Novice: 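Questions regarding the structure given below will be posed in turn.
Keep in mind the model is a prediction, meaning the values are calculated, not measured.
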Amino acid sequence: MNFTRWSARLPGTQRRAAARRTDRGISPAQRGEGSVPAARVEYEQQPEPLSGVPALDDFSVPEILGRLPALVAVVYGTEHRVAYVNDAYASAFGHRQAGAAAADTCPELAELGLLPLMDQVLRSGKPRTVKSRKVHGQGSYTVTCLPAESLKEGGGVLVFAADVTDHAEAAERLRASERRHRETAVTLQRSLLPQELEQPDDLRIAATYQPGGTDAAVGGDWYDVITLGAGRTALVIGDVMGRGVRAAAVMGQLRTAVRAYARLDLPPHEVLQLLDGLASEIDASQIATCVYAVHDPNEGRLVYASAGHLPILVRDEDGTVRRAEEPTGPPLGTGGWLHTSGTIALPPGSSAVLYTDGLVERRGEDIDEGVAALERALRGATGTPQVVCDRLIRSLGVTAEHDDDVAVLVVQHPTRTGVSAELFHNAALELLGGIEAAPRARAFASGVLASWRFSPELHDLGVLAASELVANSLQHGTPPMRLRLRRTDRRLIIEVTDGDDHLPRRRRAETEDEAGRGISIVATIASSWGSRRTPGGGKAVWCEFALPA
C-alpha cells in the first residue's frame, strides 16, 4: 500500500499540504516563528548524498535475476518467446532455448495456467498474480506476471514465481485435519440420532437430518419419537447452540435425558422443566431450544411445550396451514422460568411439521419470512412423510453446501377407510362407582371384545385385565371413573381413569394378604402396563396386549 498516497485522502491532509506550499516562500521572521521553526526548516532540507555510493545503473540485471532464489523467466512478443530464464528456473524445470515459443518449450507455464494470463498482461499493461498453483511432480508456486513494455517491439512479460510448496502442503494438512474433525462430528451426530424411528399405530412418521456444508461445522440438531404406551406418542425436536463435537455431545446427553423423562409420562411442560435444570448442569455455557409434544389418539390433538423453539406447523386435509403460537418459554439452560403446555388439533388427514432453524433461517432475512416460506411450501406438500420431508428441504433451498445443519420431523395422522378402518375401534364406559361397577365393567368388556372378534384366549385375558384395573380404581381411586378399550392393527389397549392422582405400583403380596395382587396380575398377563397423571387431576392406568401378526 502507498501510505503517502492513501494518507493524502484523510480529512485535513489537503489543508495542511496547501498551508505548507504557501509557507515555503515565507521566511521564519515573516511567519513570526522563533528558533524552533528554524530547526524545522533545517530538518526539511534534503541531505547531501554521500560520495562513492553506486548508482542503480551500476548493477547488472542478469546478475541480480540469476542469483534470486525465486524462479524468473522473461518472454517477449505476442507468442511469448523465451528471452531469459534464471538459474532457479532452469534448476526447477530445465534450461529453455532462447527465442522458442513458451507454448512449445515451457509446458509448466501452461500447467500453471499462465499463457492466458500473460496475454492479459500484454493487453492491459497491468500485473497479474495467481496463488498456489501446482505443477505435477514439482511443487506449488505463487506467480506474478509483470509487464515489460520496453522489451523489444510489442513488449514482454517478466514471470516471477515463488515456491510455496511447504505452505501449500501445510494448508492441505490443515484442511485434511479439519475434514477429519468434521467427519468425526458428523459421525457422532448421526450415531446419537435414532437409527430407526419408532412407528406408532396411529401415526406415520419420517425425519431427515442434513449436516451443513463443508465450510459449516456440525451443529447439535436432534429429533426423536418415543412410544409412551396406551397409544400415546412423544415427539421431540431440538437444537443445541454451537458447533462441532462439543455441541453434538451435549445434544446426545439431552436426547438421552428426554427419553428417560418421557418414561415418567409427565406433561410436556414438566419434561422441559426437568431438562432446563439438566442443561445447566451439563454445560453452563451451552443453551438449547426444544419442542416436546405428546399425541393422544383418543383426543386427536398435540399437547406441547416449547423452550425457545420455532412453532409447530400443522397442515389440514384441505391444505390450510396452522401455526402453534404460544406458549413459548426461553431456551433450555437459562433457568428461572416456569414452562407451560399448549395444544393444537391434529385430526385425521392432517400433518404436523417440527423443524430446526437451519431450515428457515437465512442471513439478511427475518426468520419470520423463512417460517412464512415454509408455510407456503407445506400447503402443497403431499405424499408420504418422507416425500414431504424431501419436498420441504428442496422448496426452502437447502443444498449440500447449506451453511447450517437441518432437522425436519413430519408426522401424519392418516384418514382410515375401508379394511384399514375396521382394524381401529374405540369403546368407553362411564363408571359411577358402587358394587355394580365391577360387574358392569366385565360385561361391557366381554361384549366389546366379542364384537371385535378376538380369539377366546385374548377375550378372556382382556376381560380379566379390565376387571382388575376397575377393581383397583374402585378401591384406591375416586369418581368419576371411565373404562376405555381401544384396538389398533397391532394391539389391544385397556385403560381406566379416575379422580385420584396417586399412581399404583407393582408390589409383592405376601401369602396372608387378601389384596395387592391386581397390578401384578395385569403386569403378568399383558405385554406392558403403566400409569400417568391426567391434566386437571386424576390418573390413568393402562395395559396393552400385542395382537398376532
Side-chain angles (χ1 to χ4, degrees), residues 178-195 197 207-226 234-262 268 271-293 304-312 328-335 337 339 353-363 367 370-371 389 393 396 398 400-410:
E178 291 175 347
R179 284 195 298 269
R180 289 192 298 270
H181 183 80
R182 171 182 166 76
E183 290 169 359
T184 300
V186 171
T187 301
L188 175 62
Q189 174 86 349
R190 291 193 181 278
S191 66
L192 293 174
L193 292 173
Q195 304 304 303
L197 288 178
T208 295
Y209 170 76
Q210 180 171 312
T214 54
D215 294 334
V218 175
D221 293 16
W222 94 91
Y223 55 83
D224 209 348
V225 178
I226 308 167
L235 310 167
V236 192
I237 196 163
D239 185 2
V240 176
M241 303 303 174
R243 292 289 185 268
V245 175
R246 184 176 182 179
V250 173
M251 176 274 288
Q253 295 178 76
L254 288 178
R255 176 176 173 254
T256 302
V258 170
R259 295 192 70 88
Y261 294 147
V271 172
L272 290 192
Q273 209 70 49
L274 293 172
L275 280 177
D276 187 27
L278 181 65
S280 301
E281 296 177 9
I282 293 175
D283 192 336
S285 64
Q286 292 275 19
I287 62 174
T289 63
C290 180
V291 167
Y292 182 88
Y304 68 91
S306 174
H309 204 80
L310 294 167
I312 301 172
T328 298
L332 303 176
T334 56
W337 182 268
H339 293 274
V353 178
L354 294 78
Y355 52 96
T356 56
D357 59 357
L359 182 64
V360 296
E361 190 174 25
R362 300 292 182 271
R363 293 180 181 177
I367 195 168
V371 176
C389 279
I393 285 180
L396 272 294
V398 178
E401 296 304 318
H402 194 56
D403 60 357
D404 195 4
D405 49 351
V406 175
V408 183
L409 182 67
V410 174

Novice: State, to 0.1 Å, how close Leu332 and Leu272 come at their nearest heavy-atom pair, and which atoms those are.
Specialist: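 Looking at all heavy atoms of both residues, the closest pair is CD2-O, 3.8 Å.
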Novice: Just jot down the side-chain contact (heavy atoms from CB on, under 4.5 Å) partners of Leu278, sequence neighbours excluded, or say none.
Specialist: Ala257, Tyr261, Glu281, Ile282
Novice: What pair of heavy atoms forms the shortest contact from Tyr223 to Leu197, and how long is it?
Specialist: CE1-CD2, 3.9 Å
Novice: Kindly write out the residues that satisfy side chain to side chain donor-acceptor pair (under 3.5 Å) with Arg179, not counting sequence neighbours, or none if the list is empty.
Specialist: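 By the side chain to side chain donor-acceptor pair (under 3.5 Å) rule, Arg179 matches Glu172.
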Novice: A side-chain contact here means heavy atoms from C-beta on lying under 4.5 Å apart; do Leu359 and Leu310 qualify?
Specialist: no
Novice: Does the side chain of Asp221 reach to within under 4.5 Å of the side chain of Tyr355, using non-hydrogen atoms?
Specialist: no
Novice: So do Gln210 and Val408 actually touch side chain to side chain, heavy atoms under 4.5 Å?
Specialist: no
Novice: Could you tell me if the side chain of Asp239 sits less than 4.5 Å from the side chain of Asp357, heavy atoms only?
Specialist: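 Yes - at least one pair of side-chain heavy atoms lies under 4.5 Å apart.
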Novice: With the side chain counted from C-beta on, respond yes when Val225 and Leu235 share a heavy-atom pair under 4.5 Å apart, and no when they do not.
Specialist: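 The answer is yes, as the side chains (C-beta and beyond) meet within the 4.5 Å cut-off.
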Novice: Would a 4.5 Å heavy-atom cut-off, applied to side chains only, mark His309 and Thr356 as touching?
Specialist: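 The answer is yes, as the side chains (C-beta and beyond) meet within the 4.5 Å cut-off.
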Novice: Which residues pass the side-chain contact (heavy atoms from CB on, under 4.5 Å) test with Ala249, sequence neighbours left out?
Specialist: none
Novice: Determine whether Leu396 and Val406 make a side-chain contact, defined as any pair of heavy atoms from C-beta on separated by less than 4.5 Å.
Specialist: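 When only atoms from C-beta onward are counted, Val406 and Leu396 do not touch, as no gap falls below 4.5 Å.
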Novice: Could you report the tightest heavy-atom contact between Asp405 and Pro211, atom names first, then the distance?
Specialist: CB-CA, 3.7 Å
Novice: Please tell me if the side chains of Asp283 and Arg246 come closer than 4.5 Å, counting only heavy atoms from C-beta onward.
Specialist: yes
